[in-house]
Trainee: 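Take a look at the following structure, please.
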Amino acid sequence: ILGWFFRRAKTSSPIERGTAKERTAKEMEEEVEACLVCCEDLRVAAVGSCNHRGVCALCSVRLRQLLGDSCCILCKRELDRVIMTADVTKTFESFPIWGDVCRVEGRELYYDEESQSFFDDD
């Protein structure tokens, strides 16, 4: 079901989607995954200790702050901290966290205490 959802949510409308034959290989490569909550392009994802990237940064903050839900949307694992990043190659473990401080490549990431989230703006 999730595979179907990701394939369906990759473009914003059925008119833009077209048939597979009409779309070029380049267009298909440039597609990004979609947030499982809002279905918008997943440009900045929330990554927790389980390394799932199913939710965008905005929805993650809304879930954590407004609803008090700090679980992964895919595996339901409780996530004490999450990293908001656009870099799809980085895992949660590539962000060294010490309490409320996370330093990456000589810079300190912004930490939002209410959502318990670090923001990787690089």
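The first residue in the sequence is number 1, and the count goes up from there.
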Trainee: Quick check: does any side chain N or O of Asp87 sit under 3.5 Å from a backbone N or O of Thr89, one acting as donor and the other as acceptor?
Mentor: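 Present.
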Trainee: Within the structure provided, determine whether Cys56 and Cys38 are in side-chain contact (heavy-atom separation under 4.5 Å).
Mentor: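 Yes, side chains in contact.
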Trainee: Could you give the distance from SG (Cys35) to CG (Asp41), rounded to the nearest 0.5 Å?
Mentor: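 It comes to 10.5 Å.
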Trainee: Do Ser117 and Ile83 pass the side chain to side chain contact (heavy atoms under 4.5 Å, CB included) test, and can you show the C-alpha distance, the side-chain angles, and the key distance before you say yes or no?
Mentor: CA-CA 6 Å; Ser117 304; Ile83 308 289; over 6 Å; no
Trainee: Counting only heavy atoms not in Glu108 (residues, nucleotides, ligands), do more than 12 fall under 6.0 Å from its CD?
Mentor: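 Yes, because the 6.0 Å sphere around CD of Glu108 holds more than 12 heavy atoms from other groups.
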Trainee: May I ask you to decide whether Asp120 forms a salt bridge with Lys90, counting only side-chain N to carboxylate O separations under 4.0 Å?
Mentor: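 Judged by the 4.0 Å cut-off on N to carboxylate O distance, Asp120 and Lys90 do form a salt bridge.
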Trainee: Test of understanding: with salt bridge (charged side-chain N to carboxylate O under 4.0 Å, His left out), list the residues that count as partners of Asp100, not counting sequence neighbours.
Mentor: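 Salt bridge (charged side-chain N to carboxylate O under 4.0 Å, His left out) list for Asp100, sorted by chain: Arg81.
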Trainee: What verdict does the side chain to side chain contact (heavy atoms under 4.5 Å, CB included) test give for Leu36 and Leu74, after you've listed the backbone C-alpha separation in whole Å, the side-chain angles of each residue and the deciding distance to 0.1 Å?
Mentor: CA-CA 9 Å; Leu36 293 172; Leu74 293 172; 3.2 Å; yes
Trainee: Under a 3.5 Å cutoff, is there a donor and acceptor pairing between the side chains of Gln116 and Ser70?
Mentor: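 Not at all, the side chains of Gln116 and Ser70 share no donor-acceptor pair under 3.5 Å.
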Trainee: From the options Leu109, Val61, Val82, Thr85, select the one residue that forms a side-chain contact (heavy atoms from CB on, under 4.5 Å) with Phe119.
Mentor: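 Looking at Leu109, Val61, Val82, Thr85, the match for Phe119 under the side-chain contact (heavy atoms from CB on, under 4.5 Å) is Val61.
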Trainee: Report the C-alpha distance between Ser49 and Arg77 in whole Å, list the side-chain angles of each, state the deciding distance to 0.1 Å, and finish with yes or no for side chain to side chain contact (heavy atoms under 4.5 Å, CB included).
Mentor: CA-CA 9 Å; Ser49 56; Arg77 181 184 201 178; 3.8 Å; yes
Trainee: Looking at every heavy atom in both Cys72 and Cys75, which two are closest together, and how far apart are they?
Mentor: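 In this case the closest contact between Cys72 and Cys75 is SG-N, 3.5 Å.
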Trainee: Do Val101 and Arg103 come within less than 4.5 Å of each other through their side chains, counting heavy atoms only?
Mentor: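 The answer is yes; the side chains approach within 4.5 Å.
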Trainee: What is the distance from atom CD of Glu113 to atom CD of Gln65, rounded to the nearest 0.5 Å?
Mentor: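 Reported to 0.5 Å precision, the distance equals 11.0 Å.
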Trainee: Surrounding CD of Glu114 (heavy atoms of other residues, nucleotides or ligands, distance under 6.0 Å), is the total greater than 12?
Mentor: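 No, CD of Glu114 has 12 or fewer neighbouring heavy atoms, counting only those of other groups under 6.0 Å.
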Trainee: Treating Ile, Leu, Val, Met, Phe, Trp and Tyr as nodes and any side-chain heavy-atom pair under 4.5 angstrom as an edge, say whether Leu66 and Val55 lie in one connected cluster.
Mentor: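 In one cluster with Leu66: Val55, no.
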Trainee: Rounded to the nearest 0.5 Å, what separation is found between the CD atom of Glu78 and the SG atom of Cys50?
Mentor: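 Between Glu78 CD and Cys50 SG, I get 11.0 Å after rounding to 0.5 Å.
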Trainee: To the nearest 0.5 Å, what is the distance between CZ on Arg64 and CG on Leu79?
Mentor: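 Interatomic distance, Arg64 CZ to Leu79 CG, rounded to 0.5 Å: 6.0 Å.
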Trainee: For Val47 and Phe95, run side chain to side chain contact (heavy atoms under 4.5 Å, CB included): C-alpha distance rounded to whole Å, both residues' side-chain angles, the deciding distance at 0.1 Å, then the answer.
Mentor: CA-CA 10 Å; Val47 181; Phe95 295 93; over 6 Å; no
Trainee: Taking all non-hydrogen atoms of both residues, which atom of Gly54 and which atom of Ile73 are closest, and how far apart?
Mentor: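 Nearest heavy atoms, Gly54 then Ile73: C-CG2, 4.4 Å.
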Trainee: Could you list the residues that satisfy ring-ring contact (aromatic ring centres under 6.0 Å, His included) with Phe118, not counting sequence neighbours?
Mentor: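 Per chain and number, Phe118 pairs via ring-ring contact (aromatic ring centres under 6.0 Å, His included) with Tyr111.
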Trainee: Roughly how far apart are Met84 CE and Leu58 CG, rounded to 0.5 Å?
Mentor: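 So the gap between those two atoms works out to 9.0 Å.
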